Each structure stands twice: as structure tokens, then as C-alpha cells.
2 protein chains.
Amino acid sequence: MNEARPVTRIQQKNRATILDAALDVFSQRGFGGATVDQIAATAGLSKPNLLYYFPTKETIYEALLGGLLDTWLDPLRAMRPSGEPLPEILAYVQRKLEMSRDFPRESRLFANEIIQGAPLIESELSGALRSLVDEKAEIINQWADEGRIARVNPHHLFFSIWSLTQHYADFDVQVRAVLGEGVDDPFPEAEIYLTTLFTRMLTPS
Amino acid sequence: MNEARPVTRIQQKNRATILDAALDVFSQRGFGGATVDQIAATAGLSKPNLLYYFPTKETIYEALLGGLLDTWLDPLRAMRPSGEPLPEILAYVQRKLEMSRDFPRESRLFANEIIQGAPLIESELSGALRSLVDEKAEIINQWADEGRIARVNPHHLFFSIWSLTQHYADFDVQVRAVLGEGVDDPFPEAEIYLTTLFTRMLTPS
DNA sequence: GTCTATAGACGGATAGAC
DNA sequence: GTCTATCCGTCTATAGAC
């Protein structure tokens with residue numbers, strides 16, 4: 001019964017512009033602190049026009065968050081039991097750090113959602129996330145069994161990787177304030193530090 | 001000219017109740033996402049009565065944040081050059097972890113403020129915080145010079161301590177979701193993991 | 001000190017012209 | 001598809017009775 005409603009180029013472009021603007025605003029003020037007006041202004045659209053593309057403020061937020069966890073976990077999925085243990089883990093750390101450098105707004109959006117109790121994604125956290133982490137934790141334990149890395153609590157190992165890498169996106173302001181004017185890009189230093197940290201943590205004694 | 005206006009017991013109690021309620025709300029929703037109504041309801045007061053004690057929403061927020069950074073840094077101030085290097089640092093890690101366990105709301109309030117660009121405390125970050133960290137970084141470098149700990153980037157060492165310990169407060173929901181029902185208190189595990197991590201990072205090779 | 005009532009601004013969302 | 005105008009609910013904050 002429905003006519004074909006092809007998504008025009010202008011529609012796609014506007015939706016993308018809106019989502020980018022919304023990422024700006026939501027990642028900095030959280031869901032409740034953001035206003036549709038701010039998003040519309042950032043996107044260069046009128047408020048009613050924005051609401052023509054996304055019927056409600058919540059729709060925009062959900063569109064951003066949906067799939068973000070998935071993207072966020074891609075580097076972890078890439079960790080293979082067949083590889084060399086330490087390089088596999090260090091590569092994971094590095095990819096996560098690159099994501100913090102290249103997608104800091106996504107990281108902050110996620111942080112905001114978790115800090116506020118993850119009302120929208122808690123089921124995914126205890127579902128898909130937990131399964132994936134349990135699976136990869138098994139690999140860590142296996143490697144420890146084989147004596148190829150030091151034995152560590154695998155879940156807390158992952159917590160520490162997430163925490164340390166995302167810190168450089170989420171707490172960017174503080175990092176730059178503490179390092180001062182002399183350092184205009186903290187990431188090279190961070191990469192060296194984190195590589196050292198996890199190498200010392202995981203090298204068998 | 002002014003009469004003495006003694007702060008009555010009931011005033012003190014109400015102010016404390018309000019600040020506690022505000023900490024609940026602000027730490028979970030951020031400044032913009034919080035409403036005075038929610039704070040008043042949590043405190044068990046009417047909105048106008050709450051505004052009798054604090055004239056504006058901002059006043060409450062500032063009262064909470066003011067001094068929080070100071071309290072947060074007390075454990076770092078306690079780090080003494082005269083002590084044994086590794087135990088001094090591990091004691092700092094432990095105190096920070098205890099603060100995350102005992103004052104998670106304060107940690108989240110702080111995290112919210114930083115993520116949102118630290119509009120209220122950026123000057124303190126690049127002032128008092130930076131000075132203190134620079135001073136303590138010198139101690140770390142000194143210890144490394146003397147061969148008593150491994151050489152590490154001292155600023156990033158502090159970043160990693162903050163990041164790892166505060167993670168257990170700020171990302172509590174995620175930590176619990178990943179660990180599952182079997183673990184009802186992540187902190188004992190966290191303490192063991194972090195002690196191991198920093199011991200391996202800092203023990204001279 | 002605490003309340004009810006309400007002012008006045010701003011929020012999300014809609015109507016309807018073009 | 002995009003706009004102006006506007007509805008209506010909620011927000012911060014105040015007035016004024018008790």
C-alpha cells in the first residue's frame with residue numbers, strides 16, 4: 001500500500017548533520033542537560049525542521065547510542081586466541097587509545113550514559129557485553145595457564161584497559177590542564193606509558 | 001550594624017540535608033539535567049523552602065563543588081618524599097580506591113564536571129592541581145633517579161592512578177554488570193589487582 | 001522558617017502557510 | 001522540506017500569608 005519513499009540525498013545529509021550536532025551537545029551536557037534548540041542551532045536548522053527528521057529528543061539520543069556499544073567493542077572482538085598473547089593485548093590497548101583520540105565525543109557520550117546509571121543500555125551491559133568479556137577472559141586465563149603471560153584477574157584487566165584509555169578522552173580537560181602548555185598532544189606520551197604499564201603487568205616473572 | 005545572626009541547629013541540619021540530596025541528584029544527572037524540584041523532593045522539603053537556604057540552583061552546585069577538589073587531593077598531599085617509595089605510592093592508590101568506595105557520588109559529580117569541560121573549576125585544575133602534581137612528580141623522578149623505583153612518566157602515573165581508582169565509582173554500573181551476580185563487592189578484587197599492577201609497574205628491573 | 005500560589009522564562013513538540 | 005507562530009507543560013525563582 002505504501003508508495004516507495006526513497007531516502008533522498010538531502011535527507012541523508014540532514015540526518016547526518018543532525019546526529020553530528022547532537023553528538024556535540026549530548027556528549028558535553030548529557031541527555032537531560034541538552035536542549036533541542038542547542039542541537040538545532042549547532043546543526044544550522046530550525047527546531048521544527050530538526051523534529052521533522054527525528055520526532056523527539058529521545059529518538060536522536062537513541063539513534064546515537066544504538067550501535068555505539070557495538071562499535072566500541074569491535075577492537076575487543078578482534079582479540080584472537082591464536083595470536084601472540086602480549087602483542088594481541090597491546091594491540092587492543094592501542095586501538096582503544098586511538099578511538100579515544102579520534103572519537104572523544106563518542107567516548108564522553110558513553111561515559112555520561114554509564115555515570116547516569118545506563119538507563120538505556122544496562123540490558124546490553126549485562127547481556128552482550130558481559131558475554132563477550134567472559135569469552136575473552138577465558139582466553140586471558142588460557143594464556144596464563146600456558147605460562148605465556150603472568151596470571152591476572154582478567155575482568156579487572158579489561159576494566160583497567162577501558163579506564164586508562166578512555167580517561168584521555170573523557171578527562172581531556174584535566175589532562176591538558178595538568179600537563180600544561182608544553183604538551184599539545186598527550187597521546188604519544190600516553191601510548192608509551194600504557195605500553196610499558198601492560199608489558200610489565202603481563203610479562204611472566 | 002548587623003545583629004548577630006547565629007546559625008541555628010535546624011539551619012545547619014537543613015543545609016546539610018539539602019547538600020546531601022543535591023549530591024544525589026547532581027551526581028547522577030549533571031547540573032543541567034538536575035531540577036530543583038528533584039533536589040527538594042529528595043531532601044523532603046518544598047522547593048521555596050529549599051530556595052530559602054540556597055538562593056539559586058547554581059549556589060547549591062557551587063557549594064558542593066567548592067572544596068571537593070581539595071578533599072580529593074588530600075591523599076596525594078599525604079605522599080611524602082621521606083617514605084619508602086613503593087609503599088607510599090601503593091598507600092596513595094589504596095586511599096584513592098577507598099574514596100571511590102566510600103564517596104562514589106562525589107566521584108561522579110567530579111567526573112560530570114570534567115566531562116562537561118570543567119566550566120567551574122578549570123582555573124583550579126591548571127592552578128592548584130597542576131602545581132601539586134608537578135611537585136609530587138618531582139618526588140617520583142627523584143625516586144627513579146635513586147633507583148628505588150623504575151623510571152616512569154610521573155604525570156601519566158598519576159593519571160593512571162586517578163583513572164583506575166575512580167573507574168570503580170564512576171562506572172560502577174558497568175563493573176557490576178560485567179562481573180555479574182556472583183560478585184557483590186568488586187572492591188576487594190580491585191585492590192588486589194591494582195596493588196599488583198603498580199607493584200609490577202614500579203619495581204626496578 | 002515553611003507553606004501555597006504564581007510569575008515569567010524556557011523546554012519539547014505541533015499547526016499550518018509556503 | 002522548511003519556515004513562523006504558537007501551544008502547553010515544566011523550570012527557576014519570587015510574593016506573600018501564616
Side-chain angles (χ1 to χ4, degrees), chain A residues 2-65 109 112-113 116 119-120, chain B residues 2-65 109 112-113 116 119-120:
Chain A
N2 288 328
E3 284 290 328
R5 269 180 288 133
V7 176
T8 65
R9 219 162 289 117
I10 200 167
Q11 274 180 343
Q12 286 185 341
K13 183 167 162 280
N14 272 340
R15 279 184 65 93
T17 307
I18 291 167
L19 287 175
D20 189 73
L23 183 54
D24 260 29
V25 179
F26 281 133
S27 66
Q28 233 180 65
R29 340 263 287 210
F31 179 78
T35 74
V36 176
D37 266 322
Q38 290 164 351
I39 300 172
T42 306
L45 296 172
S46 69
K47 184 162 55 167
N49 196 13
L50 181 149
L51 290 167
Y52 167 80
Y53 289 94
F54 294 89
T56 69
K57 177 181 168 182
E58 253 195 317
T59 321
I60 313 174
Y61 188 72
E62 284 165 9
L64 279 176
L65 216 54
L109 184 78
N112 256 311
E113 172 73 8
Q116 306 191 4
L120 242 89
Chain B
N2 288 328
E3 283 291 328
R5 269 180 286 132
V7 177
T8 67
R9 218 161 289 114
I10 199 168
Q11 273 181 343
Q12 287 186 340
K13 183 166 164 281
N14 272 340
R15 280 183 63 95
T17 308
I18 291 168
L19 287 175
D20 189 73
L23 184 54
D24 260 28
V25 179
F26 281 134
S27 66
Q28 231 180 65
R29 341 264 287 210
F31 179 78
T35 73
V36 177
D37 265 323
Q38 291 164 350
I39 299 172
T42 307
L45 294 172
S46 69
K47 185 162 51 169
N49 196 13
L50 182 149
L51 289 168
Y52 167 78
Y53 289 95
F54 294 89
T56 68
K57 179 181 166 183
E58 252 195 318
T59 320
I60 312 174
Y61 188 72
E62 283 165 10
L64 279 176
L65 216 54
L109 184 77
N112 255 313
E113 172 72 9
Q116 306 190 4
L120 244 88

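No experiment lies behind these values; they were computed from the predicted model shown. Values reported hereafter were calculated over all heavy atoms of this structure, with side chains retained and with hydrogens, waters and symmetry mates removed. Sequence lines set the chain letters: A, B, ... in the order given, protein chains first and strands last, and positions in each chain run from 1.
Across the protein-nucleic acid pair, A/Q38 atom CD and C/dA13 atom P stand 14 Å apart, rounded to whole Å. For the pair B/R9 CZ and C/dG1 P, the interatomic distance rounds to 12 Å; values are reported in whole Å. Between the CG atom of A/D37 and the P atom of D/dC3 there is a distance of 13 Å, given to the nearest Å. Between the CD atom of A/E58 and the P atom of C/dG11 there is a distance of 18 Å, rounded to whole Å. Rounded to an integer number of Å, the gap from NZ of A/K57 to C1' of C/dG11 is 8 Å. For the pair A/F54 CZ and C/dT14 P, the computed distance is 16 Å after rounding to whole Å.
Contacts between residues 45-53 of chain A and DNA chain D, defined by a heavy-atom separation below 4.0 Å, involve A/S46, A/P48, A/N49, A/Y52, A/Y53, listed by number.
Counting heavy atoms from C-beta on, the side chains of A/L50 and A/I60 come closer than 4.5 Å. Considering only heavy atoms from C-beta on, A/T59 comes within 4.5 Å of A/T56 through its side chain. Between A/Y61 and A/E113, the closest side-chain pair of non-hydrogen atoms falls below 4.5 Å.
Annotation: side-chain hydrogen bond (donor to acceptor under 3.5 Å, both in side chains) contacts involving residues 26-37 of chain B, sequence neighbours excluded, comprise B/D37-B/K47.
Side-chain proximity of B/N14 to C/dT2, D/dT2, C/dG12: nearest is C/dT2. Distance from the side chain of B/T56 is smallest to D/dA13 among D/dT2, C/dG1, D/dA13.
Below 30°, between 30° and 60°, or above 60°: for B/F31 and B/F26 the angle between ring planes is below 30°, a parallel geometry.
For C/dG1, the OP1/OP2 oxygens have a side-chain nitrogen or oxygen of B/T8 closer than 4.0 Å.
Within 4.0 Å (heavy atoms only), B/A34 reaches sugar-phosphate atoms of the nucleic acid but no base atom.
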Checking side-chain contact (heavy atoms from CB on, under 4.5 Å) for the pair A/L23/A/L19: CA distance, chi angles, key distance, verdict? CA-CA 6 Å; A/L23 183 54; A/L19 287 175; over 6 Å; no

